[in-house]
Amino acid sequence: MSPLAKLLEAALFASSRPLTVGELLTLEPEAGETAVRAGLAEIRDAYAAQDHGVELVEIAQGWQFLTRREYAEALDRAQFALRPRRLSPAALETLAIIAYRQPVGRVEVDEIRGVDSGAVIDKLLERGLVDVVTRGEGLGRPLLYGTTPQFLEILGLKDLDELPRLEELSVALRPPAPTEPE
Amino acid sequence: MSPLAKLLEAALFASSRPLTVGELLTLEPEAGETAVRAGLAEIRDAYAAQDHGVELVEIAQGWQFLTRREYAEALDRAQFALRPRRLSPAALETLAIIAYRQPVGRVEVDEIRGVDSGAVIDKLLERGLVDVVTRGEGLGRPLLYGTTPQFLEILGLKDLDELPRLEELSVALRPPAPTEPE
Amino acid sequence: MSAPTNAVVQEQSGFVVELEQFSGPLDLLLHLITEDELDITDLPIARIADQFLAVINELRLNQAADYLEMAARLLRIKAQLLLPRRLGEDEWEDPRAELVRRLLEYQQIRELVDWLGHAAARRAEQFGRGFRPEPPEAPPAPLVIELNDLLAAAERVIALIPEPVLHRVVPRPLDVEGATARIETVLATRERCGWLDVVGDHPTIVDVLSAFIALLELAKRGVLRLSQEGPFSPIVIERESPREAA
């Protein structure tokens, strides 16, 4: 592997979260973004070709080494690694709404779910899956929430564009804007 | 690499500590210790021969992947260069209130923001951006906060007078001059 | 996510609002609808309302405000549908419309939840690097604050401050009498009711205050009794002494 690729490999190996191209660039700023991208491709291909137990994956707007899927069960059984906690249905519901409506306020989430979502949102904040991104207009200027890179990370998504488009869903829904006032 | 070596590689990568041969054996008990040792040697040699940025090292009676020594410096440097931290909107709002209204108590900050600001103020204290400057009059002699020299330094300001005067600053953000009683 | 076998989750202080099957009243409704293969856009409200009430009684959800509110909504729609419609009334708006819209929207969310749950499960088949080297004694990451960001924050804060800075007395008296009459009307037909029943759908602050004072006054007079399950839980308004059948 090229010297730059080896340096990138070391950095990616040392990190327990995805690193963006921008972050990797700080390792050797004069290398330039193109070279970093080429280095990443070089590593990915080398690991694929040499048939390894880990692979380099593009995720959460960055890159990360992950173990290959086929070892999931064996690693799970051996418990050397920590499995992330599962999300409750309520948490997933709230995340789905925040992901699609961001930036969105708590009242809107409550309305769509039909239940109070304050406690769930607090938990998602605590886990770093959503964050306050701005404040809305109107009375009290409510806090508006959006998803974080960690959200992409736990779902294994490259970016938000990988979420299914609403038109692709089997439930057709008119865009939320032009409904009658409530 | 052999299937066993790939499984060992995945386990060593995902584990948060060095793994002993005995522990690795639990991944596939029927493989036998000799095969596990052979697998470990296979991984070590593969990483050495193909010229990687990481190496498999025998350490503390176990085995662990470590980045190569020659990258230590670059990685250390990147460690803090990786994520220049930014303040959350909530922290910025709180900081703005304290900057323009200092010395100011927590209750007052809460009132202006309409939410509990205790945790945010604690973080600002931790980061050295604000500090307790005095105690207020009245019940419980509340702690009053103000900004620190570090706050000025990060913003590149000589002193607080260099903070832009917002002509439209409304009464609540102006120094508590003789406003009319509510 | 896999089959709904999760243990009971206690989401709110004291209340078990999320049973293993349902994450809320909309979820329950949707469940009833799909179970009976009903057409969402042409809901048989009377039937659904009865089933909904039966289920929340059975699952003891009948103390959770969210479910109660939905039950009340269903009954109201049922009642509205029973009202005679005048002929030639083109502008008639189906009272079910809003509920149907919400159900469709919620159904869409459930579909996304399935997708997200599946994606999370797939991601969980892969493990990231477990070893985290102790960060060397490096200085903490540099903090970046742009003056513009600070000013933008200041502006947001300014906008938070309520409009009229000077206190002005608004010559709008509370309508305690009106509120009292309203409460009495509600309690004439029902043994107990909730806060929302006495303030109406879109109460102004004056409505809320009026109703509140009226409630306290009526409670003092011994006409009704107020109770609350716990802090911040819905206020229950009950007739003090059950009258002879009216």
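Chain A is the first sequence line, chain B the second, and so forth, proteins listed ahead of strands; every chain is numbered from 1.
- Comment: A/R135 engages B/E93 in a salt bridge, judged by a side-chain N to carboxylate O separation of less than 4.0 angstrom.
- Atom-to-atom distance recorded for A/F13:CZ and B/F65:CZ is 4.5 Å, nearest 0.5 angstrom.
- For B/L27, the parts sitting under 4.5 Å from any heavy atom of chain A are the backbone and the side chain alike.
- Rounding to the nearest 0.5 Å gives a distance of 12.0 Å between CG of A/L12 and OG1 of B/T67.
- Among the candidates A/L7, A/L143, A/V132, the residue making the largest number of heavy-atom pairs closer than 4.5 Å to chain B is A/L7.
- Shown here for A/A10 and B/G53, the closest heavy-atom pair between the two residues is CB-O, 3.6 Å.
- For B/E137, the CD atom is loosely surrounded, since the number of other residues' heavy atoms within 6.0 Å does not exceed 12.
- Neither the backbone nor the side chain of A/L8 comes within less than 4.5 Å of any heavy atom of chain B.
- With sequence neighbours excluded, no residue satisfies side chain to side chain donor-acceptor pair (under 3.5 Å) with B/Q150.
- In this structure, chain A has heavy atoms under 4.5 Å from both the backbone and the side chain of B/A11.
- A distance of 12.0 Å separates CD of A/Q79 from CD of B/E23, quoted to the nearest 0.5 Å.
- Checked against the 6.0 Å centroid criterion, the rings of B/H52 and A/Y47 qualify as a close aromatic pair.
- B/Q50 touches chain A through backbone and side chain together, each having a heavy atom under 4.5 Å away.
- Per-residue counts of heavy-atom pairs under 4.5 Å with chain A were compared for B/L92, B/V54, B/V115, B/L66; the largest is that of B/V54.
- Shown here for A/F80 and B/L24, the closest heavy-atom pair between the two residues is CZ-N, 4.3 Å.
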> Where do A/K6 and B/Y71 land on the side chain to side chain contact (heavy atoms under 4.5 Å, CB included) test, with the steps shown first?
Replying inline: CA-CA 9 Å; A/K6 287 197 289 182; B/Y71 302 116; 3.1 Å; yes
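- Residues A/A81 and B/A14 share a closest heavy-atom pair of CB-O, 3.7 Å.
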